[in-house]
Q: 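Dropping the structure in here first, questions after.
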Amino acid sequence: IVLTRGDVQGETRPRRIVGVAADTRDIINQEPQPQVYVPYAQISFFSMALLVHTHDSAVSVRKSVSGVLQSVDPDQPIRQVKLFADLVPGALADWRVAITLLGGLAGIAVLLTTLGVFAVIAYMVREKTREIGIRMAIGATRRNVCILVLRQTLRLAVIGIAIGVIVAANCVRMLGSLIYGVHPADPLTFMIVTALLAMLALLAGYIPARRAMRIDPVHTLRAE
């Protein structure tokens, strides 16, 4: 293989491939790009980064590495020594902010959805107080009333979730660049989110359902 970059003598000579390394990812939202590793003695750069695996502290590593470099080149400076654990958060800082913002907005959307379902079901129970009272007067149990309210809640949730899944499936391409390690149309993700939203909807409808279960049919019919 011939590299376009010349060696330390400025010459471009054919080089022999001696091995194949695994893929490396430089940018989190991009697929691994082709990389070529060459000996530093053949093609040098203005700086070098050393990755040292150790159980000692950063101060100890700095002293050890400094001693080795001084023995090779006394004029070679060391700019900085950092722990790998400190470099990763800095490299992902922008992504963390974006994902945190999206997660916060998603949480607010879920909260508003839950409150909306609760408000709709509570209004429905209040409007059907007379109907529920009549049902209980002719033999409907509290369990029947609870199932009736939750059935209405689940019907609304299914319609909303179906519309949301269709819209999300069409809009997911715009957010594909912000998703790492998960396919934008991942069916497992859609299934988990759908189940979670259905559970939240049922939870939001359970409070009005309990209120409907406590309706006194005698008082309701007397008021009518």
Side-chain angles (χ1 to χ4, degrees), residues 28-29 85 88-224:
I28 191 173
N29 65 327
V88 174
L92 300 178
D94 295 339
W95 291 98
R96 289 182 185 276
V97 172
I99 296 302
T100 301
L101 180 60
L102 288 177
L105 294 176
I108 294 175
V110 172
L111 177 61
L112 293 177
T113 301
T114 305
L115 293 177
V117 172
F118 169 77
V120 171
I121 299 302
Y123 177 78
M124 182 196 71
V125 170
R126 186 168 62 251
E127 290 294 314
K128 292 188 176 183
T129 300
R130 182 173 182 273
E131 176 186 342
I132 294 174
I134 295 176
R135 287 175 179 269
M136 297 182 70
I138 61 178
T141 63
R142 296 179 182 270
R143 182 173 179 271
N144 297 137
V145 173
C146 181
I147 293 176
L148 174 66
V149 175
L150 292 181
R151 187 181 300 164
Q152 294 289 338
T153 304
L154 189 60
R155 182 181 294 114
L156 293 176
V158 169
I159 296 175
I161 291 174
I163 296 175
V165 168
I166 295 174
V167 174
N170 292 323
C171 296
V172 74
R173 298 182 183 88
M174 296 185 295
L175 298 177
S177 60
L178 298 178
I179 302 176
Y180 168 67
V182 179
H183 192 272
D186 182 46
L188 180 61
T189 302
F190 277 86
M191 291 174 58
I192 293 176
V193 173
T194 299
L196 178 61
L197 291 177
M199 292 176 59
L200 289 175
L202 290 177
L203 181 62
Y206 181 70
I207 299 176
R210 286 182 60 87
R211 186 180 302 168
M213 293 166 58
R214 293 195 295 267
I215 293 177
D216 186 358
V218 176
H219 177 74
T220 302
L221 295 178
R222 184 177 301 170
E224 293 294 334

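For the numbers below, each heavy atom of this structure counts, side chains included, while hydrogens, waters and symmetry mates do not.
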Q: Rounded to the nearest 0.5 Å, how far apart are CG of L154 and CD1 of I147?
A: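 Interatomic distance, L154 CG to I147 CD1, rounded to 0.5 Å: 12.0 Å.
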Q: Taking all non-hydrogen atoms of both residues into account, name the closest pair between A204 and V117 and its distance.
A: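 Of all heavy-atom pairs spanning A204 and V117, the closest is CB-CG1, 4.1 Å.
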Q: Identify the two heavy atoms, one from A168 and one from F190, that lie closest to each other, and give their separation to 0.1 Å.
A: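 A168 and F190 have their closest heavy atoms at CB-CE2, 4.0 Å.
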Q: Got a second to check how far M199's CE is from L196's CG, nearest 0.5 Å?
A: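 Between M199 CE and L196 CG, I get 7.0 Å after rounding to 0.5 Å.
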Q: To the closest 0.5 Å, what do you measure between CD1 (I159) and CZ (R155)?
A: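 So the CD1 of I159 and the CZ of R155 are separated by 7.5 Å.
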Q: Which residue is it: V149, N144, L150? I am looking for the one with a side chain to side chain contact (heavy atoms under 4.5 Å, CB included) to C146.
A: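 So, applying the side chain to side chain contact (heavy atoms under 4.5 Å, CB included) to C146 and each of V149, N144, L150, only L150 qualifies.
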Q: What distance do L197 atom CG and I192 atom CD1 have between them, rounded to the nearest 0.5 Å?
A: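 It comes to 12.0 Å.
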Q: Taking all heavy atoms of I161 and all of A198, pick out the closest pair and write down the distance.
A: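 Answer, listing the atom of I161 first, then A198: CD1-N, 3.8 Å.
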Q: Just so I know, are the side chains of T113 and L200 near enough to count as touching, which here means a heavy-atom distance under 4.5 Å?
A: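 No, side chains not in contact.
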